[in-house]
Amino acid sequence: MTTAQRELSNRDIAQVLLEMAALYEMEEVPFKPRAYERAAMAIAALDEPLAQRYAQGGLAALTALPGVGKSIAEHLKELLETGTFREYERLKRKVPVNLGELLAIEGVGPKMVKALWQQLGIRDLADLERAARAGQIRHLPHFGVKTEEKILRGIELLRSAQGRRLLGEVLPEARQLEATLRAFPEVEVAMVAGSVRRMRETVGDLDFLVISSQPQAVMERFVRLPVVQHVYSKGETRTSVRLHSGLDADLRVVPAASFGAALSYFTGSKAHNIALRELAIKQGYKLNEYGLFKGERRVAGASEEELYAALGLAFIPPELREDSGEIEAAQRHALPQLIDYHDLRGDLQVQTNWTDGAHSIEEMVEAAMAAGLEYIAITDHTKSLAMTRGADEDKLRRQMEAIAALNAKLRQAGKRFTVLSGAEVNINRDGSLDIDDAVLAELDVVGAAVHSHFNLPRAEQTRRVLRAMENPHVDILFHPTGRLIHRRPPIDLDIEAVIEAAQRTGTVLEINAMPDRLDLRDEYIRKCVAAGVRMAIDSDAHAVEHFRYLALGIGQARRGWAERRHIVNAWPLAQMRKMLKSA
DNA sequence: GCCGTTTTCGGCCCGACTGTTTTCAGTCG
């Protein structure tokens, strides 16, 4: 072997399996698509690189994954060892298009891709856009003007992502690179700055800042990292690269005396920086990335704490630096005591393999304990979401019994952990729920959620959601706006009315921590804080690995100025339960 | 192709919406 072959990431591998599912879908092969999708999900949710898992545990470690059996494990082995596998190549030959690109468009599925390729030779996004703009698609059988318009809108939406990526997707990569830099012998301190540090829900690129007295050696090492694909520029203080993951990354090397000023400057936001510099000028200073200066003399700059203090400000946590009132609050020393990343005691939305989750109740409990939680609510889907094998009243009752038995077992084993029974109940079009009130009354935690009719007009949608919140058994409104970042817009809700109703009815609003949900979003959280509405930060875990997403929800809550007192699952169990309507 | 509190073969789950259609396919959750 000459140069090391770049290792496939779990994301790459999951993508290949998803393409397999789509290819089988085109062939109208029954059941296989679901099987491949399930396997893709399991791999995408994995923390540890699949290659590493395979290297250590062989085929058995692969088949141990949920949804991975003998055949898929064999395919994965081949994929890991050779970069592809025969069955994938065979299927791809039949429809040789850029599947990932085309399927990323909302409303475009495998059948449409196949038809477009067969009839118009469309192979990628550019082909598709050209054909749609030329009005060619509307003339195909089973297509029409509306479909053509939908495709163009879908492409627009995809574009508006502007190459920004989900924080949850980027954060592990950023932390890993940060650790790599920290381990360089010439590096004294390394930190990730930018929007990652501010925990913005999406990230455009990565900014790293290091202290070193040997910048050239650091830059040399940096550009030779295997994660680096292309070097845009390389200098003494700044190097700019494209990573294999598709992200751009900047590395800046600064002397220790400037680190705080540089960290502040490169953390942003731009608006916060400008406001800070204006404040400095008013006080007779000059502020730049090298420090706070009075004339030629540097009065602060080694640490952020020192910098903010010199300006007469309380330390402003990075999540608040958006120039949305934080500087004024810091002047009055009236910043909120933000909820901390270690403050959560429970998780009030957890799915299991009773419906569309990957793992059993017991496995989720184990993982929650390992994540340092004291309680979780099991909230599987209900019946009208049939594709998830949603629970009906009988199934919910059976699950309540299973949970009661598990709690008894935990107590017997001396474990201080409580499993609450719950459900993620569907809100019907008219605002009624798809589970009988009598059964809801027996559950510890009832979450209600919109999973259908996303496009109702504002008045009707708001009326619908309010009616659900007024149900005396509904404790929490799950992912209140239903948005999927970069994929689906939020439902059209009068958010003020929802917050007012939450206050009036005592309904908790969720901050769903899934990377592509983060719903409520930061600005709505801040409205809730102002209105004194309680919220819950939930992982919405569908697999044991998902509890780590809670950190994203906490980041979002901090961006919304939330304190521990606003977040019910940061409270001890007894206090939290008293807060719920059904208690 | 996966899986097992319906257990090693025979299931794999439904229902709504949209846009295209004359009775339904594709997509989504």
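Predicted, not measured: the structure shown is a model, and the values here were computed from it. All chains are named by letter (A, B, ...) in the order of the sequence lines, taking the proteins before the strands, and each is independently numbered beginning at 1.
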Check: If each of A:Ile72 and A:Arg429 is mapped to the nucleotide of DNA chain B with the nearest heavy atom, which maps nearer the 5' terminus, i.e. the 5' end?
Finding: A:Ile72
Report which part of the nucleic acid [X] touches: base, sugar-phosphate, or nothing (heavy-atom distance under 4.0 Å, all strands).
X: A:Arg488; value: sugar-phosphate
X: A:Leu484; value: sugar-phosphate
X: A:Pro30; value: nothing

Review item, nucleotides 19-22 of chain B N/O atoms under 3.5 Å of protein N/O:
residue	atom	partner	partner atom	Å
B:dG19	O3'	A:Thr147	OG1	3.2
B:dT20	OP1	A:Gly144	N	2.5
B:dT20	OP1	A:Gly144	O	3.2
B:dT20	OP1	A:Thr147	N	3.4
B:dT20	OP1	A:Thr147	OG1	3.0
B:dT21	OP1	A:His142	N	3.4

Using modelled atom types and a 3.5 Å cut-off, is there a donor and acceptor pairing between side-chain atoms of [X] and backbone atoms of [Y]?
X: A:Asp124; Y: A:Asn98; result: no
X: A:Arg165; Y: A:Thr202; result: no
X: A:Asp494; Y: A:Glu496; result: yes

Note to self: Does atom CD (A:Gln56) have a neighbourhood of more than 12 heavy atoms from anything else shown, all under 6.0 Å?
What the structure shows: yes
Next item on the list: Determine whether more than 12 heavy atoms belonging to other residues, nucleotides or ligands lie under 6.0 Å from atom CD of A:Glu470.
Entry: yes
Next item on the list: Identify, residue by residue, the members of residues 448-459 of chain A with a heavy atom below 4.0 Å from DNA chain B, and return them in order of residue number, or none.
Entry: A:His451, A:His453
Item checked: Derivation and outcome, side-chain hydrogen bond (donor to acceptor under 3.5 Å, both in side chains), residues A:His139 and A:Glu148 -> CA-CA 10 Å; A:His139 302 303; A:Glu148 199 172 76; over 6 Å; no
For nucleotides [N] and [M], find the distance between their [atom1] atoms and express it as a whole number of Å.
N: B:dT20; M: B:dC13; atom1: C1'; value: 27 Å
N: B:dT21; M: B:dT27; atom1: P; value: 15 Å
N: B:dT6; M: B:dC12; atom1: P; value: 13 Å
N: B:dT8; M: B:dC14; atom1: P; value: 23 Å
N: B:dT22; M: B:dC28; atom1: C1'; value: 25 Å

Check: Applying side-chain hydrogen bond (donor to acceptor under 3.5 Å, both in side chains), which residue pairs with at least one partner in residues 27-41 of chain A are found, sequence neighbours left out?
Finding: A:Glu25-A:Arg34, A:Glu27-A:Lys94, A:Glu28-A:Lys111, A:Arg34-A:Glu37, A:Tyr36-A:His75
Next item on the list: For side-chain hydrogen bond (donor to acceptor under 3.5 Å, both in side chains), just list the numbers for A:Asn512 and A:Asp540, CA-CA rounded to whole Å, side-chain angles, deciding distance to a tenth of an Å, and then say yes or no.
Entry: CA-CA 7 Å; A:Asn512 189 297; A:Asp540 198 356; 3.0 Å; yes
Check: What is the base-pairing partner of B:dC12, counting Watson-Crick and G-U wobble geometry with both distances under 3.5 Å?
Finding: B:dG1
Next item on the list: Check whether NZ of the Lys or CZ of the Arg A:Arg488 lies under 6.0 Å from the centre of the six-membered ring of A:Phe454 and within 45 degrees of that ring's axis.
Entry: yes
